Each structure stands twice: as C-alpha cells, then as structure tokens.
Amino acid sequence: MSGRSEVQILSPRRGSDYGADLSPRFLFRIGKIMAERYPFDQIESKWQKYWEENKTFKASDNLTEKPKYYILDMFPYPSGAGLHVGHPEGYTATDIIARYKRMRGFNVLHPMGWDAFGLPAEQYAIETGTPPAIKTAENIATFKRQIQSLGFSYDWDREINTTDEAYYKWTQWIFLQLYKKGLAYEAEVAVNWCPELGTVLANEEVIDGKSERGGHPVIRKPMRQWMLKITAYADRLLTDLDDLDWSESIKDMQRNWIGKSEGAEVNFPINGFDLSLKVFTTRPDTLFGATYMVMAPEHPYVQQITNPDQLESVEAYRVKAERKSDLDRTELAKEKSGVFTGAYAVNPVNEELIPIWVSDYVLMSYGTGAIMAVPAHDTRDYEFAKAFDLSIREVVSGGDITEEAFTQIEAGVMVNSATPDASFSINGLKPSVAIKKTGEWLEKTGKGKIAVNYKLRDWLFSRQRYWGEPFPILRDGDDVIPLSDSDLPLTLPVLDRIKPSGTGESPLANAKEWLEVVDPASGKVYKRETNTMPQWAGSCWYYLRFIDPQNNDQAWDLEKEKYWMPVDLYIGGAEHAVLHLLYARFWHKVLFDLGYVSTKEPFQRLVNQGMILGMDGEKMSKSRGNVINPDEVVGQYGADTMRLYEMFMGPLERSKPWNTSGIEGVYRFLNRLWRYFVNDEGGIIDLDDAQPDTETLTMMHASIKKVGNDLDALAFNTGISQLMVFSNHLRALNKVPKSALETLLMLLNPFAPHIAEEMWSLLGHSDTLAYKGWPEYDESHLVKDTVKLAVQVNGRVRAQINVEVDAAKEAVLELAFAQESIKQHVQGKTIIKEIVVPNRIVNIVVK
RNA sequence: GCCAGGGUGGCGGAAUUGGUAGACGCAGUGGAUUCAAAAUCCACCGGUGGCAACACUGUGGGGGUUCGAGUCCCCCCCCUGGUACCA
C-alpha cells in the first residue's frame, strides 16, 4: 500500500449517488469526502490476500507444541439467497475469539464448511432441470465469496462439503456402525406424507398440518422407514447435559424434549379376555380413582375386545381418527371425542369393573397407548368424563371436583384409597408419598411396576428424496444386506432429469440401472434403497471431519481426535437448540461407545447468538422488505466496520434490531482512528517513545484487562466500548506514546483485523498481528493513589470527596463533614449512624 | 396452559453483582469551520422546577428487606423464544 495521495484518488465510496456529474465543483466535493474516509477497500483486500497467500490461519498438525482451542460455527446450508446479516453475527464472534486465542498462544482450529444436501436444491432441480450438484456448487461459491469478504480467519484447507463423495462416504460408514450396533431398524410408520412435495416430512417440518416449506397440506400415511434408536440413549442424553457449559435455557429445552417422567406401569385385566391392558401413569396414587380406561384408536387390542354391537361405531371412529391430519387433531383438541368399546377392565386395586373407551386424546406413540382415566385428578380425563357423563371419584381431598380436576401433588390428602380387604391403604397420605408407596405395592403384588417413560421418540431417518446420502445397503426381498466398508462410498447416480417417482418413493426409483445390482457370481439381483438420509446426517459429525478432513483411510485419525476434541466453543442459532444438537450428541455417544471418539460429549461450551431483526424491529424477511444485504454493508463501510457493528449492537445472545445510523457510529470510530494516527503522507504521526504518563498507563492497562475479560465472557459490545474509550483518551493527548498506540492496535486486532494489521505495519512492523502475543496488564498500574468517594446523607449523594486509597474511617468522615453541602444537610439533626465502606461510599444517617 | 429469558433516556445498550443509574454509540440541540451544505471538531443532552448553585423525581406496576435496591424477597402486568391432549 502506498501513500495517502494515491488513497485520495480511489474512493471507497461507490459513487452511485453522485451520478455522472463531473463538474469541477463535484470533483472538489469528492476530494473532500475521500480525504475524510479511510481506504478500507484497499486495506481489506490487501490483508485478505496476505493471509490467504501466507496461510496465516492454518491450524497446526503438530499436536504437542501448543495447547489447542477448537472453535466452531454451525456450518451453513448454502441457500440460493446468499448470506444474511444473521450469519456473520455468529461468524464474527467466533472469529474474534479465534484471533484472540491465537494471540494468547493457542493452536486454534477454526474451520468452515457446507451443509449442502437439502430439499431446496432438489426442488430447484425438479423445476428447472439444473442438477442439484451444479446449483449447490454455485450457491457455495457465493457463500464462500461473501464469507471471505469479511476477513474471517478460517483454515480454508479444511473446508468440507457434506455432498462430496469423500465426505458422505464416512456418513454412510457411520450409518453402518449404527446398523451393526442394532440402532438402525426399519418400521412401518404413519408418516407425514405431502403429496405436493412428493415426500415424507419430519414432524419438525410440519407446522399446523402444513409443510414448513410451501405450506402444502400434509396427511398421514404408513410407509416403510429407517429409524434410529435414539431412545436407547435417552437417559444418557439427559444426564450428561449437567456437565456441559451451555445456557440453562438450552439445556432445559433438551430436557423437555427428552421428557423423562417417572411413574408406574399397571396391568388392568380385561374382563372376559385373557388379556390385560397395560397403562403408564405418573400418578399411581390415584389408582382408586380410575373410573374408566381409554385406548388410542390405533391400539392393537381395539378390534379384539370391542363388543360386537359396538363394533360399527368403534370402527367408524378408528377410521376417522386415522384420516385426521395433525391440523384436524389440533383443531378438534378443544372438544373431546371418543367411543365406548363395550368392554370392561378390572381395576387391580379394588376389583371394580370399569368401561374401556377409545379416544384420540390418547396417543399410541406415548407410553403404552392406553391410560387409566382418573377424571377427578386429571384435567383431560375430567373434560372427557364431563363430555360423556362418566363417573368422577375423588381420591385426593383438597380441591373442588365439582368445579375442576384437582391435580396438586404436594397439597391434598389421599381418601377413598384402600383395597377391599384393607391389606393396602394410602388414605391420609400426601399424594407425593402415596405415589412411592403404591409403586412399591405394585411391584410386590406383581400387578404393575415402577417405570420411566420418555417423550423422546425414535428418529425417523429416511427421506423420499434424491439429494441426500444414499443408504449403504442392498435389499433381497425383506432381507437387508449392509454394504462392506470397501464398497463405500455408494454414490448418487447422475440423473438426466430429477422428477418425483409418483409412488412416494424418491426420484432414485427412476434410476433403474443404479437401483438393481447383479451379483456376478450368482446372477442374483439385489435392489438398492431408494430412500436417502435426512439433512441432519451430514451435520451430525462434521465437527469430527474438520479434525482430519483429507483422510481417505478413516473418518478421522484417533490421535488427532484426542488432541482436538471436544469443541471448546460452538456458536450458532437457537433454531438448532434441540434437534441438531440432540442428534449430534446421540451419534457422538454411539461413536464414543465404539471407541472412535474420546469424549462423551462433543460440544463443551455452546452459545446461541440472538437474531438480528430488521430496522423495524421485526424478523427480517423478503416479504417485509427489511432484509439487510451484507454485501452492501461491506461495500459501503468495509468488513471491519461490519464486524465491529455486529458486535457492538448488543449482547451476542440477545435479539436486536439493525440500525443504519448505528453502523455510522462504529464507522466513524475507525475513521477517526485512521485520520488521527495516519498523516497525509500515509505514515504514522510522530509518536512519543517515552514512557506514557500515569493516567495513560492506567488507561492502557485497564483496557488490556477489560478487553481480555470481556472477550473471555463473549461480551464484545462492552469490549468495543472500552476500545473507544481508550482511543478517545489517546486522541486527547498532545503527544501519543508509541507503546499505547501499539497496545490499542493489538487489542483492536481480533475485532477489526484489517485496519489493525495495516496500522501495525505502518508503525514499521514486518510481522503479522495474528500471532503477536496478547498484551499483559500490570495490576500495579491499576491501583490508584486516591479515590473519589460519594458522600451520602440518608442515602442521597450530597458531596464528593477525594481521599487516599484505604484511608482511615476517621479521616474520611472528617473530610466528609467538612463539606459545605454536608454541613447543610446535617445541621440541626441527630446523627444516628455513620457508614464508611472503604473506597466505595460514605453514608451519614441523620434524623 | 407449562418451561426459559427479558422489560433501564427519543433509540441500541452500560452498571465492578447491594454502594454516585444512564459507560460507549446513535439521534437531537447549540457553537466553530464553510459562500453554503455535507463531513469534521468542541460543548450540552432522563423528567419537572429554577437565571443559577441546587432541589425534587426517575430502572414495567404494587408492596417489603436494608444506612443504601436496576440489582435481594413477595404479588401483579407486558414482551420474546420453546413446547403443547406426553397420561
């Protein structure tokens, strides 16, 4: 970069607002403006090129030299819309920490990649004929260009892409591990079938009975699906949360999702059949209050036990329930529906015969698919009993069951709860105690047992799509034959045209040659799976591939894994708080059990960045027209300003609105810095080589301390504020000490690395700031000689005094009472108390 | 309904965790500079009263603890995110 004069010719402003006016007057104006703006575009491209050419940010594979720090972003799905200002928020935060940790002497792993399988590219292919691979590559190129324009310090040699064969080879390999461990199985599942999209959707992709994408209607249809047995890990996924450094709210979301509840399983013999209806309840204490039972419409016993004269109405109800989409279920949720089977069950505690009903308020997918109904102490049962005039019996006193169900566990006392022979009674107990006692009794008598249930369901792991990882299996009729490792990867066939099969199978059903595999020895024909894996698959383990991205022999090297794992800091959007993080944790635990990874959890510290809202305070969306384009911001203000502003807006984890004049503020800060310290010849102004004055020294060391502490706490906004305070202080000096300016640049470097590097080099340094040691602060410079104390009278500040640090109470009070304003407020009053908090405050209480 | 987080100037947000509320920035006002505007620089900037020193008041609302509360306790209101017939 040459001198300032050249800088003035090349305007950083894209001059569109000036039109074609080239009058002398206009040129004069341009000249003035340019003199006032620092040449960020030249500086930024210069340093980005420098970092790239020197591979400045390459993570070292020397696994012993330095302590490691693994800092990870949630890698993006490269959509056609390009980067959104929300993306760089998290990326900037991680980049600042990555740069900070490098300066702190860590070997930093900070990689980026692409979660590139997914429905949009496939839909685009169906609409336009463009192969998903082509469209995906284009999108990635755009994302990469945009991300690189912000000067992030990724180690690009480790870039990965989930749609690369070399990558998904190992995704398939992990699937085989799961399969071999018995954690992958096939099942006929009533799934969310969307005729419009020609695919089955996961629950999380269905919103109010419509597809999340496109809003098409969704109905339920049974299909053969791959499932992963995540429920086998439910308990570990729950308990291992405790040791993680994640926000409580995210941990709670996961806990709720796993939904562990403790209670009992109870068997109710069915009258006249050699069957018993098993139910799960969290309130075994209320067994004596069970006045009827309910089975889910899909319950296997329904047809068997239904009385012949009820058969017609039960069957009609069952069919109706089956057809109901989720939307219908929600809509009808307000009113309970159901039908009597004509059959009765025997309540094991009192031998009473109670009617068995069928209703869709009981779900087949939770517990046993049947419940004992205790209308007096369960709101749902209460509503149902009221609707169908079933009896309601109080077994916990303390509420008014003529009004509503009484559901409290700590209040209330058990009543009407003893077996006819009086051998078992819980009368008089608190429900919480009765729950335990009943559980023990059920175990002892064999009428039931203590049990635990989870809300978490097994993971529906197949999609009827082309653009996903093919399953590495062959099919021989109903038999499943896994491919051997040497047959991996099983690559996607290249299709001339991707179109729905129409049968509900994926477009792969159209690829006849790919689909059928002939065994050359026997001539036997096997078929491939037409389902592909969901998008979650690739993102479940990408953090492991970053450790060893080019390895062709194994998914990752075990030694490297031991060194780099766990991820020390993982930052991403809260939308992945549950599913992605739960699925990835599940795979990680499986890999841990198999000995492929050394930690039981993958992500030690997790932070969710808040959303960046539009200027109107609303969520950014095309329809609202409030979307901010990062390219425009970078073009107009530069990457350093963009980075700084995104961090200055407010705490990382909170949602906050974008504000264009706010960005002007940080832009002015960088401009002032440049303008003040860089002279007209493009060099640094004359600096003072002498030791800074006391005040400057204090400011300098206080800044080192505060910025460092704030970075450790991810409190970027207050760190930047301190940089502004420090720089304002330096600008007010007659002569700026060189050491102070150097310190400022080092502190600024993680936040605004381009301008920091440029000014650092203008100071005559030939090294990069990237590995410059982070400055150390000296506590002795932070200790002041005197301190300003507020003097309060009755809690109101009436004066301020300067005293020596740790001054004696007597001396402080003497000075305080000497103040005119204090005398005034104390005069003629009785002093009740004199409080002196050393170096903090004085409070005189009078009456 | 349930779970979690949050309500501080005109705006984004600070506040050493009980010790001078409003750091830093934006917007605004006044001044310098300019033929003029923009940019830049300086000053002011919660509200009410006062020429002023200053006084009163003020962190969603109401109570409480304390010499002292944005911060701790109790009750209530509002906003955001998650979840929803999970027995």
Side-chain angles (χ1 to χ4, degrees), chain A residues 29 32-37 247-257 259-261 263 279-283 286 294 329-330 332-334 336 359-363 365-374 377-381 383-384 453-457 574-575 577-578 608 610-611 613 617 619 645 648-651 653-666 668-669 671-672 675 706 709 715 717-725 728 731 788-800 820-821 824 832-837 839-846:
Chain A
R29 276 164 54 186
K32 289 281 280 184
I33 288 164
M34 288 188 300
E36 287 146 8
R37 308 264 159 168
S247 74
E248 260 326 293
S249 71
I250 298 295
K251 288 200 215 176
D252 268 341
M253 280 164 73
Q254 294 225 343
R255 288 186 188 116
N256 292 339
W257 194 264
K260 181 178 185 172
S261 50
V279 303
F280 173 76
T281 176
T282 53
R283 295 294 306 273
T286 61
V294 186
R329 283 208 168 201
T330 323
L332 295 175
K334 285 161 201 142
K336 294 272 184 290
S359 170
D360 65 1
Y361 88 88
V362 172
L363 308 173
S365 50
Y366 182 78
T368 62
I371 60 154
M372 66 172 202
V374 185
H377 307 292
D378 181 286
T379 358
R380 297 149 301 180
D381 298 343
E383 283 170 26
F384 191 82
N453 239 295
Y454 296 92
K455 268 202 270 188
L456 185 70
R457 314 279 161 80
E575 66 273 22
V578 178
N608 288 115
M611 213 184 321
L613 307 169
K619 200 167 165 170
Y645 177 62
F648 189 62
M649 289 168 80
E653 288 156 275
R654 282 238 272 277
S655 293
K656 52 241 157 191
W658 187 270
N659 184 317
T660 304
S661 23
I663 202 165
E664 295 274 359
V666 291
R668 260 177 238 163
F669 164 64
N671 268 297
R672 270 199 296 266
R675 200 170 341 103
K706 176 146 181 67
N709 288 347
N717 55 333
T718 51
I720 293 166
S721 152
Q722 184 63 34
L723 293 173
M724 289 173 170
V725 172
N728 287 345
R731 289 195 308 123
K788 202 164 75 171
L789 285 190
V791 183
Q792 301 181 327
V793 177
N794 285 347
R796 295 204 171 147
V797 180
R798 299 298 181 183
Q800 292 182 344
E820 268 312 312
S821 51
Q824 271 177 34
I832 293 173
K833 212 169 182 179
E834 291 159 343
I835 292 145
V836 178
V837 182
N839 307 326
R840 283 277 166 82
I841 208 161
V842 179
N843 193 6
I844 298 159
V845 187
V846 298

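Just so it is clear: chains get the letters A, B, ... in the order the sequence lines come, proteins before strands, and each one is counted from 1. It should be emphasised that the depicted structure is a prediction, and the values quoted were computed from it without experimental measurement.
- Among residues two or more places apart in sequence or in another chain, the salt bridge (charged side-chain N to carboxylate O under 4.0 Å, His left out) test is passed with A:R255 by A:D242, A:E248, A:D252.
- B:G31 and B:G25: their P atoms are spaced 23 Å apart (whole Å).
- Of the listed nucleotides (B:A87, B:G82, B:A4), B:G82 has the atom at the smallest distance from the side chain of A:M253.
- The same atom, C1', is picked in B:U29 and in B:G61; the two are 33 Å apart, to the nearest Å.
- For the P atoms, the distance linking B:G60 with B:C51 amounts to 33 Å, nearest Å.
- Comparing A:I835 and A:A370, the nucleotide of RNA chain B nearest to each residue sits closer to the 5' end for A:I835.
- Picking from B:U83, B:A87, B:C67 the nucleotide with the shortest atom distance to the side chain of A:L363 gives B:A87.
- Distance noted for atom P between B:A15 and B:C2: 32 Å (whole Å).
- For the atom pair NZ of A:K251 and CG of A:N256, the computed distance is 14.0 Å after rounding to the nearest 0.5 Å.
- Of the candidate nucleotides B:U40, B:G12, B:C85, B:G12 has the atom nearest to the side chain of A:P657.
- Two residues are said to be in side-chain contact when any heavy atoms from C-beta on lie closer than 4.5 Å; A:E653 and A:N608 fail this criterion.
- Comparing B:G19 with B:C24, their C1' atoms sit 22 Å apart, to the nearest whole Å.
- One can place OH of A:Y366 at 13 Å from P of B:A84, the figure rounded to the nearest angstrom.
- Contact record, A:N839 with A:L789: C-CD2, 3.4 Å, taken as the closest heavy-atom pair.
- The closest side-chain donor-acceptor pair between A:D381 and A:Y361 falls under 3.5 angstrom.
- Look at CZ on A:R37: it is 8 Å from P on B:A39, rounded to the nearest Å.
- A:S247 comes within 4.0 angstrom of nothing in the nucleic acid, heavy atoms only.
- For the C1' atoms, the distance linking B:A53 with B:A27 amounts to 31 Å, nearest Å.
- Residue A:K619 contributes atom NZ, which lies 18 Å from atom P of B:C79 at whole-angstrom precision.
- Residues A:I835 and A:Q792 form no side-chain contact, since every pair of their non-hydrogen atoms from C-beta on lies 4.5 Å or further apart.
- For the P atom pair drawn from B:G18 and B:G10, the interatomic distance equals 28 Å after rounding to whole Å.
- Of all heavy-atom pairs spanning A:N794 and A:N843, the tightest one is N-OD1, 3.5 Å.
- Among the atoms of the strands shown, only primed sugar atoms or phosphate atoms (P, OP1, OP2) are found under 4.0 Å from some heavy atom of A:R796.
- The listed nucleotides are B:U16, B:G13, B:A87; the one nearest the side chain of A:P651 is B:G13.
- Residues A:R798 and A:I841 both approach RNA chain B. Their nearest nucleotides, taken by heavy-atom distance, put A:I841 toward the 5′ side.
- Note that CE of A:M611 and CZ of A:R654 are 14.5 Å apart. Values are rounded to the nearest 0.5 Å.
- Rounded to the nearest Å, the gap between the C1' atom of B:G81 and that of B:U65 is 33 Å.
- Residue A:N843 is classed as a base contact, given a heavy-atom separation below 4.0 Å to a base.
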Original post:
How would nucleotides 22-28 of chain B be written as a contact map, 5' to 3', with B for base contact, S for sugar-phosphate-only contact and - for no contact, using protein heavy atoms under 4.0 Å?
Top reply: -BBSSS-
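- A:S655 comes within contact range of the sugar-phosphate backbone alone, with a heavy-atom separation under 4.0 Å but no base atom that close.
- A straight line from CD of A:Q792 to P of B:U66 spans 17 Å, rounded to a whole angstrom.
- With contacts defined as side-chain heavy-atom distances shorter than 4.5 Å, the pair A:Y366/A:K455 qualifies.
- Between the CZ atom in A:R672 and the CZ atom in A:R731 there is a gap of 5.0 Å [rounded to 0.5 Å].
- The CG-P distance, from A:N794 to B:A69, rounds to 11 Å in whole Å.
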Original post:
Starting at the 5' end of RNA chain B, what dot-bracket string do you get if Watson-Crick and G-U pairs under 3.5 Å are bracketed, crossing pairs use [ ], other-strand pairs use | and unpaired bases use dots?
Top reply: (((((((..(((......[....))).(((((.......))))).((((....))))..(((((..]....))))))))))))....
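- Here the side chain of A:Y645 pairs a donor or acceptor atom with the backbone of A:N659 at under 3.5 angstrom.
- When heavy atoms are screened at a 4.0 angstrom cut-off, A:K455 is found touching base atoms of the nucleic acid.
- Contacts of A:Q800 with the nucleic acid, taken as non-hydrogen atoms under 4.0 Å apart, include base atoms.
- Classification of B:U17 as syn follows from a glycosidic angle within 90° of 0.
- Comparing B:U20, B:C3, B:C67 by their nearest atom to the side chain of A:A790 picks out B:U20.
- In this structure, CG of A:N709 is placed 12 Å from P of B:U17, rounded to the nearest angstrom.
- Whole-Å rounding puts the A:N256 CG to B:G1 C1' distance at 14 Å.
- In this structure, A:W658 atom CH2 and B:G12 atom P are separated by 16 Å, rounded to whole Å.
- Proximity of A:T281 to A:M372: side-chain heavy atoms (C-beta onward) are separated by under 4.5 Å at one or more points.
- Regarding the sugar-base torsion, B:G81 falls in the anti class, its angle being beyond 90° of 0.
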